[in-house]
Amino acid sequence: MEAAVGLVRIARRFLDRSEHLQPDTLKKSKPLRNPAVRQEGGEDGSLMLFAPLAEQGRGLAGLMAKWVKAPDHKKFELEPVGAFVWNLCDGRHTFEGISKRLREQFKMNRLEADAALLAFLQMLSQRRLITLTIGKEK
């Protein structure tokens, strides 16, 4: 029984793709958009993101996916604040820099901006729309 619990713990750790970063490391990280994600702007400042899905498979599963016309991408809609952050996820802006721009643009306090940005970047990362690059500063 203990071996099964150990295997479950190992499997969960392997499948849990979220990495827990230290706050100092997170503040220096630079979010980078997934280049495979396509975007379309809305009239109200919103964005629609189109992320490609993995291959549907081969054999019977692939044939079934084609037969039911399964989509080859997933759509995500970002409201204007999310679109603002998305456009700053270019690999050059740090978490701190994006937070500062968010506070200036949308009149937020530091705690509000940091909490919202952290949650938003985690969501984007979990959905593989961005990656957080952590490099040495020059």
Side-chain angles (χ1 to χ4, degrees):
M1 185 69 150
E2 287 182 37
V5 172
L7 289 175
V8 168
R9 187 176 304 134
I10 290 169
R12 282 186 182 148
R13 195 174 319 142
F14 177 74
L15 294 173
D16 182 21
R17 298 186 191 276
S18 63
E19 293 183 22
H20 302 287
L21 297 174
Q22 296 298 322
D24 291 338
T25 305
L26 178 65
K27 288 181 181 178
K28 293 176 184 167
S29 69
K30 297 177 181 179
L32 179 64
R33 293 185 294 264
N34 180 341
V37 176
R38 188 173 51 87
Q39 67 185 42
E40 290 180 9
E43 295 173 8
D44 60 350
S46 64
L47 269 179
M48 186 68 74
L49 304 179
F50 300 91
L53 293 174
E55 289 291 321
Q56 299 292 343
R58 294 184 179 172
L60 183 59
L63 288 173
M64 292 287 290
K66 287 179 184 175
W67 185 67
V68 297
K69 297 181 179 153
D72 61 346
H73 64 274
K74 183 162 178 132
K75 290 193 271 189
F76 300 92
E77 185 174 0
L78 303 181
E79 84 293 345
V81 177
F84 179 80
V85 172
W86 173 261
N87 288 322
L88 294 174
C89 293
D90 56 7
R92 294 180 305 193
H93 293 89
T94 63
F95 179 94
E96 285 180 326
I98 295 172
S99 176
K100 183 179 179 186
R101 299 273 306 269
L102 206 56
R103 291 191 308 265
E104 292 168 355
Q105 182 74 23
F106 296 99
K107 309 297 183 223
M108 299 174 150
N109 65 42
R110 184 180 192 96
L111 184 62
E112 225 176 16
D114 285 355
L117 182 58
L118 175 63
F120 186 65
L121 292 179
Q122 284 178 335
M123 182 274 302
L124 291 176
S125 180
Q126 288 170 349
R127 288 170 173 75
R128 298 181 186 194
L129 299 173
I130 64 163
T131 187
L132 295 174
T133 60
I134 303 167
K136 296 179 182 177
E137 291 190 19
K138 296 179 181 178

Q. Rounded to the nearest 0.5 Å, how far does NZ of Lys27 lie from CG of Leu117?
A. 11.5 Å

Q | Straight-line distance of Leu49 CG to Leu124 CG, nearest 0.5 Å | A | 7.5 Å

Q: Could you state whether Phe50 and Phe76 fall into the same hydrophobic cluster, counting links through intermediate Ile, Leu, Val, Met, Phe, Trp or Tyr residues with side-chain heavy atoms under 4.5 angstrom apart?
A: no

Q) Would you call Lys75-Glu77 a salt bridge at under 4.0 Å N-O? A) no

Q | Separation of Asn34 CG from Arg128 CZ (nearest 0.5 Å) | A | 10.0 Å

Q: Supply the atom-to-atom distance Arg92 CZ to Ile98 CD1, rounded to the nearest 0.5 angstrom.
A: 11.0 Å

Q) In terms of hydrophobic clustering (I, L, V, M, F, W, Y; side-chain heavy atoms under 4.5 Å; direct or indirect links), are Phe106 and Leu47 co-clustered? A) yes

Q) When clusters are formed by joining ILVMFWY residues with side-chain heavy atoms under 4.5 Å apart, either directly or through shared neighbours, do Met48 and Leu129 land in the same one? A) no

Q | Between CH2 on residue Trp86 and CD1 on residue Ile130, distance to nearest 0.5 Å | A | 7.5 Å

Q) Between the side chain of Arg33 and the main-chain N/O of Asn87, is any donor-acceptor distance below 3.5 Å? A) yes

**Q.** Spacing of His93 atom NE2 and Ser29 atom OG [to the nearest 0.5 Å]
**A.** 13.5 Å

Q) Where do Ala83 and Gly45 come nearest, in terms of heavy atoms and distance? A) CB-O, 3.3 Å

Q: Determine yes or no for a side-chain-to-main-chain donor-acceptor pair under 3.5 angstrom, with Thr131 supplying the side chain and Leu32 the backbone.
A: no

**Q.** Heavy-atom side-chain contact between Phe95 and Asp114 under 4.5 Å
**A.** yes

Q.
When you compare the side chain of Val85 with that of Leu121, does any pair of heavy atoms fall below 4.5 Å?
A. yes

**Q.** Where Asp44 and Ser46 come nearest, the two heavy atoms and their spacing
**A.** OD1-OG, 2.7 Å

Q. Which residue, Arg101, Glu96, Arg103, forms the side chain to side chain donor-acceptor pair (under 3.5 Å) with Ser99?
A. Arg103

